[in-house]
Amino acid sequence: MDQQQHGNFIAFMNRSKEPGDNKPTFDGRLAVPGGEELRFALWAHEFKNPKSGEVQIMFNGQTDGVALGASAMDQVAALMKDAPKDEASIGNLKLAARQIVLFPNGFKDEAPEKNRPDYWGAFNPGNGEPVVRISVWARKDRNQHAMLAGATSYPIPGKTEVQQQDALAGVEQLIEDGVVTR
């Protein structure tokens with residue numbers, strides 16, 4: 001597995017969400033490095049940062065069980081199987097199969113010139129593959145609605161979260177390289 005290879009991550013605000021309902025905040029798609037795209041839904045949650053005491057937003061969600069590119073019959077067959085139960089972890093973060101989590105990036109303000117992501121997180125494919133890191137920038141789409149865009153990558157052994165963020169190209173470079181699009 002090529003550690004420099006990136007997958008994509010893009011999520012658009014759910015236009016049918018109303019304040020206080022239980023619909024997801026974002027709908028999107030992601031691809032693990034070298035893999036097929038999966039659809040997902042993300043819900044926003046407020047939490048109090050234990051270090052700073054400020055209220056912040058994190059996201060939690062899950063991908064579909066079938067790839068977007070799968071044939072109709074392969075999608076039906078995949079849904080007839082038992083859901084994967086492979087729990088995995090990255091550091092001390094435990095993830096259920098197909099779970100996605102995004103946290104505010106506490107390292108962003110340490111080096112503004114490095115354009116570190118607004119959110120960092122992880123995705124457990126749930127199929128025995130390693131947990132995938134996610135780096136995401138909050139942006140606006142062409143209609144000025146909130147969106148999240150970024151990339152997925154495999155963790156780099158021996159590197160801290162900050163070192164991995166600094167190794168990842170900024171969102172503009174990812175667009176230029178064709179990993180994500182506007």
Side-chain angles (χ1 to χ4, degrees), residues 1-11 24 26-45 47 57-71 74-75 77-108 110 114-138 148-171 173-175 177-181:
M1 142 179 57
D2 180 7
Q3 293 171 338
Q4 297 303 313
Q5 188 179 15
H6 300 289
N8 63 14
F9 181 101
I10 190 153
F26 286 94
D27 294 310
R29 62 187 187 278
L30 70 79
V32 297
E36 294 188 52
E37 286 192 328
L38 298 165
R39 291 184 101 20
F40 65 82
L42 287 177
W43 284 261
H45 303 280
F47 73 99
I57 298 173
M58 66 159 294
F59 299 97
N60 187 11
Q62 186 170 330
T63 63
D64 285 346
V66 295
L68 287 171
S71 73
D74 287 344
Q75 290 181 31
L79 292 174
M80 293 174 61
K81 295 178 183 174
D82 288 337
K85 299 190 181 9
D86 295 342
E87 185 176 271
S89 60
I90 184 169
N92 62 359
L93 178 64
K94 292 195 184 311
L95 298 166
R98 300 191 341 247
Q99 183 180 6
I100 300 170
V101 293
L102 295 174
F103 299 100
N105 186 359
F107 302 113
K108 182 169 181 69
E110 288 181 9
K114 294 190 178 186
N115 192 24
R116 291 180 176 153
D118 296 309
Y119 288 89
W120 71 274
F123 164 60
N124 174 11
N127 58 3
E129 299 257 335
V131 171
V132 176
R133 292 180 66 256
I134 303 172
S135 297
V136 174
W137 288 262
L148 302 172
T152 63
S153 61
Y154 289 108
I156 302 170
K159 299 280 185 184
T160 67
E161 180 59 33
V162 174
Q163 291 168 327
Q164 290 182 78
Q165 287 178 19
D166 290 346
L168 179 65
V171 72
Q173 184 64 47
L174 293 168
I175 291 169
D177 293 345
V179 174
V180 296
T181 59

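Numbers here are sequence positions counted from 1. What you are looking at is a predicted structure, and each value in this text was computed from that prediction instead of being measured.
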**Request:** Grab the two heavy atoms, one from Ile90 and one from Ala122, that are nearest each other, plus how far apart they are.
**Result:** CG2-CB, 3.8 Å

**Request:** Check step by step if side-chain contact (heavy atoms from CB on, under 4.5 Å) holds for Leu93 and Val101.
**Result:** CA-CA 10 Å; Leu93 178 64; Val101 293; 3.6 Å; yes

**Prompt:** Counting distance only, does the side-chain N/O of Ser89 pair as donor-acceptor with the main-chain N or O of Lys94 below 3.5 Å?
**Reply:** no

**Prompt:** Within the distance-only criterion (no hydrogens, no angle test), does the side chain of Gln75 pair as donor or acceptor with the backbone N or O of Ala70 below 3.5 angstrom?
**Reply:** yes

**Item:** Ser71 (side chain) donor-acceptor with Asp74 (main chain) under 3.5 angstrom
**Value:** yes

**Prompt:** Considering only heavy atoms from C-beta outward, does the side chain of Phe59 approach that of Pro24 to under 4.5 Å?
**Reply:** no

**Item:** Where Val132 and Tyr154 come nearest, the two heavy atoms and their spacing
**Value:** CG2-CE2, 3.9 Å

**Prompt:** For the atom pair CH2 (Trp120) and CZ (Arg133), what is the distance rounded to the nearest 0.5 Å?
**Reply:** 8.5 Å

**Request:** Nearest 0.5 Å please: distance from the CD1 atom of Ile134 over to the CZ atom of Phe9.
**Result:** 5.0 Å

**Counterpart residues, ring pair (Phe, Tyr, Trp, His ring centres under 6.0 Å), relative to Phe123 (two or more places apart)** = none

**Message:** Could you tell me if the side chain of Leu148 sits less than 4.5 Å from the side chain of Ile10, heavy atoms only?
**Reply:** no

**Asked** Roughly how far, to the nearest 0.5 Å, is CZ of Phe103 from CG of Asp118?
**Response** 15.5 Å

Show me the donor-acceptor pairs within less than 3.5 Å that the side chains of residues 30-39 make with the rest of the protein, sequence neighbours left out.
unit_1	atom_1	unit_2	atom_2	d
Glu37	OE1	Arg29	NE	3.4
Glu37	OE2	Asn8	ND2	3.1
Glu37	OE2	Arg29	NE	3.4

**Message:** As an exercise, state the distance from NE2 of His6 to OG of Ser153, rounded to the nearest 0.5 Å.
**Reply:** 6.0 Å

**Asked** Hey, does the side chain of Asp64 reach the backbone of Val66 with a donor-acceptor pair shorter than 3.5 angstrom?
**Response** no

**Item:** Side chain Asn124, main chain Val131, donor-acceptor under 3.5 Å
**Value:** no

**Item:** Short side-chain to backbone donor-acceptor contact, Trp137 and Asn115, under 3.5 Å
**Value:** yes

**Prompt:** Gln99 and Leu95: which non-hydrogen atoms are nearest, and at how many Å?
**Reply:** OE1-CA, 3.4 Å

**Asked** Measuring from Leu102:CG to Phe26:CZ, what's the distance to the nearest 0.5 Å?
**Response** 9.5 Å

